[in-house]
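This report concerns only the one structure given below.
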Amino acid sequence: MVFHLDKCIGCHTCSVACKNVWTDREGTDYMWWNNVETKPGTGFPTKWEDQESYKGGWKTDGEKLELRSTSKKKIIPNIFHNPSQPSLDDYYEPWTYNYDELFNAPEGDDQPVARPISMITGEPMEIEAGPNWDDDLGGSEVYAANDPNLDVLSDEQQQQMKAIERMVMFYLPRICNHCLNPSCVAACPSGAMYKRGEDGIVLINQDRCRAWRSCISACPYKKTYYNWSTGKSEKCILCFPRLEAGEAPACFHSCVGRIRYLGNVLYDADRIKEAALRPDDELVEAQRDTILDPHDPAVIAAAQASGIPDGVIESAQKSPVYRFAKEWKLGLPLHVEYRTFPMLFYVPPLLPVMSISDGDIVRSDVDELFAEVEKARAPIEYLGKLFSAGNVGKVRYALRKQLAVRIWRRHVTVGDVAEEMAKKALAEADCTPEQADEIYRLSALATWDDRFVIPPFQREMAMEMMTDPHEHRASAGFGSREEPRRS
Amino acid sequence: MNDFIMFGVLPYVVATVFLIVTILRYRTKAFSYSSLSSQFLENQQHFWGSVPFHYGILVVLLGHTLGFLMPEMILSWNAAPLRLMLLEVTGIAFAVLTLVGLANIVLRRLTRPLMREVTTLGDWVVYLLLLVQVLTGIGVAVFHGWGSSWFATNLTPWLWSLVKLSPDVTYVAPLPFLVKLHITNAFLLVGFFPFTRLVHILVVPNPYLWRRTQVVIWNWDRSRLRDVD
Ligand code: SF4
Ligand code: SF4
């Protein structure tokens with residue numbers, strides 16, 4: 001998966017599409033399998049990035065990899081009460097309004113009002129927080145100022161970011177990353193969580209989940225949620241029933257900014273462990289190294305030998321994810337230092353959009369243009385903290401390349417940039433005119449078929465193996481043969 | 001006669017219900033096997049309820065099990081009065097710990113509106129039975145002391161007679177009322193067990209400790225897939 005952050009308009013269509021399809025049931029009311037945060041901000045649940053308190057993800061001393069929350073050793077003393085589990089207060093109490101008041105109130109001097117009603121107790125309540133309380137820097141003194149990622153900036157840089165005329169923000173849509181090295185799966189004591197071999201989707205078997213809640217603490221992205229009503233954990237299932245029918249997931253399909261790309265990649269599972277042991281600043285590259293070139297005959301042969309169908313190999317060759325994340329090196333993983341190797345890659349936002357013409361004068365100096373990447377309002381260290389575990393070189397590379405593509409396209413379409421200068425910009429950004437055109441095409445013009453290259457999942461074949469489709473449904477993270485009632 | 005029904009028949013009824021219902025429930029309603037944790041809705045008092053309760057009851061149950069499995073060992077340990085005192089005091093301490101936890105659990109459920117939403121009739125039955133069990137247990141320990149010794153001499157032989165399918169209630173008949181109440185209530189608890197959330201005890205996740213870290217499941221039969229084309 002790739003999310004192109006420069007294109008996200010923060011409309012939350014994706015979140016609502018997901019909510020309407022999957023999480024409008026009792027107990028899931030507070031969940032947002034897809035949510036869109038404003039950065040800088042504290043996000044959802046509040047300060048999820050603060051692993052000092054939530055203890056998500058992995059830690060390593062260079063030799064051993066260990067869960068930060070309840071590893072095998074620590075599950076025994078902590079099973080009765082999980083010390084790092086977030087509670088409702090860290091999310092919000094879901095509510096609705098008693099709309100019927102508006103219609104049924106007796107005639108009187110005052111306008112009737114619809115009061116907020118808790119969706120848990122059904123009683124009137126005071127709203128104290130919501131899933132998106134800091135949208136568009138709302139309440140930024142409380143929220144944006146507490147963004148854990150600001151730690152890497154100097155006081156001066158922080159002040160600059162807050163100054164009203166330089167105020168900067170961007171949107172960060174988040175779903176489960178369907179990680180390569182999922183800490184949620186590793187932490188599940190019941191073995192109810194698993195990664196599907198065919199497509200890497202991470203699921204929770206509803207019949208085997210026993211509400212030990214370990215995954216909730218262990219996922220550093222807080223993308224497994226506890227259903228307080230059924231006593232089972234639930235998470236994004238990447239709309240696998242849609243994928244198996246050749247459709248894009250609901251959030252991808254509905255995305256207004258068309259920022260989302262979906263495709264499969266071939267990777268070497270044997271390299272994951274070693275990669276996860278590398279120091280922070282090598283992690284982006286280490287993860288990239290696990291992804292293999294689907295055009296390489298050796299890779300194709302190896303994939304065939306391990307039973308990957310040709311259709312899946314073919315779609316890996318056409319995958320937009322491979323191009324963004326590996327070939328062009330534009331896609332970067334969010335917080336790779338958690339060492340789960342998220343398979344959702346973000347193209348970092350160019351902030352602000354840099355202008356090539358200063359009034360009437362067209363800039364002629366490439367260095368001067370690139371200097372703006374460093375001077376951008378969102379300090380590069382901040383983006384580095386989010387997207388490359390502090391290795392700002394990776395972010396700088398992605399931003400410079402995006403900028404070079406713009407300069408090149410300006411040359412091609414408007415023509416007020418000299419070819420020589422445009423080519424120099426491309427060369428300095430490790431890009432060729434052909435590649436620049438492809439990046440441009442996939443970023444700006446891509447159609448449904450370009451954005452979503454869904455491998456043929458051979459659903460009939462998969463279902464054939466299942467003795468009972470209903471049982472399959474429950475084991476695949478959604479639904480159950482029984483009424484989800486507590487006993 | 002009464003004694004025979006209570007201590008010679010009830011145990012078998014309860015054991016049968018327990019076995020049949022837990023197995024049936026696991027096979028037909030696997031979804032309902034959950035600890036139904038409520039930590040998500042309330043995070044602080046949960047600690048002071050769940051943790052002392054579980055640690056307390058685990059140690060107390062361990063004590064009972066030891067008395068059942070190795071009565072001689074307990075008796076020889078108890079031969080020295082100081083060691084007997086030590087064992088009794090430890091037992092009472094953990095029983096009190098259980099009670100503190102249980103009190104917190106019940107209060108938490110009673111006083112918090114969010115908690116009431118997720119508390120069912122089954123939960124209340126369990127809490128009531130547990131309260132009676134822990135209170136009578138502490139009562140027995142205080143008023144009919146040295147239970148660790150007479151458990152080994154009276155109850156262990158009776159329990160073994162149950163196991164051997166020739167119930168001999170003469171061991172239990174002379175025991176005081178409080179002890180009999182404690183025993184009967186324990187069997188009621190076992191009888192209700194399969195209908196309540198207590199079934200989570202049967203699915204404690206021990207395999208976690210030795211399974212591989214990551215779990216990958218293939219739905220496709222890959223060898224077949226390649227052969228097809
Ligand atoms: S992002 Fe998804 S796959 Fe990764 S650890 Fe969290 S829940 Fe698991
Ligand atoms: S629908 Fe697309 S553009 Fe809108 S908020 Fe979601 S990711 Fe951003």
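Just so it is clear: chains get the letters A, B, ... in the order the sequence lines come, proteins before strands, and each one is counted from 1.
A donor-acceptor pair is defined here as one N or O able to donate and one able to accept, closer than 3.5 Å; no such pair exists between the side chain of A/R196 and the backbone of B/I217. Side-chain atoms of A/Y226 do not come within 3.5 Å of backbone N or O of B/S38 as any donor-acceptor pair.
Rounded to the nearest 0.5 angstrom, A/C184 SG and B/Q214 CD are separated by 8.0 Å. To the nearest 0.5 angstrom, B/W218 atom CH2 is 11.0 Å from A/K195 atom NZ. Put simply, CG on A/L67 and OG1 on B/T213 are 8.0 Å apart, with the number rounded to the nearest 0.5 Å. Interatomic distance, A/T121 OG1 to B/E117 CD, rounded to the nearest 0.5 Å: 6.0 Å. Between atom NZ of residue A/K232 and atom CG of residue B/L36 there is a gap of 8.0 Å, rounded to the nearest 0.5 Å.
Interface check for chain A: of the options B/L41, B/V204, B/L121, the most heavy-atom pairs under 4.5 Å are formed by B/L41. Among the candidates A/G191, A/C188, A/S118, the residue making the largest number of heavy-atom pairs closer than 4.5 Å to chain B is A/C188. When each of A/G200, A/P83, A/A187, A/A269 is checked for heavy-atom pairs under 4.5 Å with chain B, A/A187 comes out on top. Interface remark: of the candidates A/D199, A/N181, A/I79, A/N181 forms the most heavy-atom pairs closer than 4.5 Å to chain B.
B/Q39 and A/N82 make their closest contact through NE2-O, 2.7 Å (heavy atoms, listed as atom of the first residue, atom of the second, distance). Considering all non-hydrogen atoms of both residues, B/S34 and A/C209 come closest at CB-O, 4.5 Å. Minimum interatomic distance between A/Q206 and B/F31 (heavy atoms only, all atoms of both residues): O-CD1, 3.5 Å.
Enclosure of atom CZ in B/F193 by more than 12 non-hydrogen atoms of other residues, nucleotides or ligands within 6.0 angstrom is indicated. Shown here is B/Y26, whose OH atom has no more than 12 heavy atoms of other residues, nucleotides or ligands within 6.0 Å. Summarising the local packing, CD of A/E66 is surrounded by more than 12 heavy atoms from other residues, nucleotides or ligands at distances under 6.0 Å. Atom CD1 of B/I201 has more than 12 heavy atoms from other residues, nucleotides or ligands within 6.0 Å. More than 12 heavy atoms of other residues, nucleotides or ligands shown are found within 6.0 angstrom of OH on A/Y91.
Heavy-atom distances place no part of B/P207 under 4.5 Å from chain A, backbone and side chain included. Proximity to chain B (any heavy atom under 4.5 Å) is restricted, for A/P86, to the backbone atoms N, CA, C and O. Contact of A/D89 with chain B is not made at all, since no heavy-atom distance falls under 4.5 Å. For A/I216, no part sits under 4.5 Å from any heavy atom of chain B, backbone or side chain. Heavy-atom distances place the side chain of A/E93, and not its backbone, under 4.5 Å from chain B.
Interface residues of residues 43-60 of chain B toward chain A, defined by a heavy-atom distance below 4.5 Å and sorted by number: B/N43, B/H46, B/F47, B/S50, B/V51, B/H54, B/Y55, B/L58.
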Q.
For a side chain to side chain donor-acceptor pair (under 3.5 Å) check, start with the C-alpha distance between B/S37 and A/R213, then their side-chain angles and the critical distance, and finish with the verdict.
A. CA-CA 8 Å; B/S37 162; A/R213 295 107 51 222; 3.0 Å; yes
Q) Which is it for A/I76 and B/L209 under the side chain to side chain contact (heavy atoms under 4.5 Å, CB included) test, yes or no, and what are the steps along the way? A) CA-CA 9 Å; A/I76 300 172; B/L209 302 177; 4.1 Å; yes
Q) Do A/W212 and B/S35 pass the side chain to side chain contact (heavy atoms under 4.5 Å, CB included) test, and can you show the C-alpha distance, the side-chain angles, and the key distance before you say yes or no? A) CA-CA 7 Å; A/W212 307 122; B/S35 61; 4.0 Å; yes
Q. After noting the C-alpha distance and the side-chain angles of A/Y194 and B/V216, does the key distance pass the side chain to side chain contact (heavy atoms under 4.5 Å, CB included) rule?
A. CA-CA 5 Å; A/Y194 62 99; B/V216 175; over 6 Å; no
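Close placement of the B/F40 and A/Y30 rings is indicated, their centers lying within 6.0 Å of each other.
Under the salt bridge (Lys or Arg N to Asp or Glu O under 4.0 Å) criterion, the residue pairs touching residues 37-55 of chain B are B/E42-B/R108, B/E42-B/R112, with sequence neighbours excluded.
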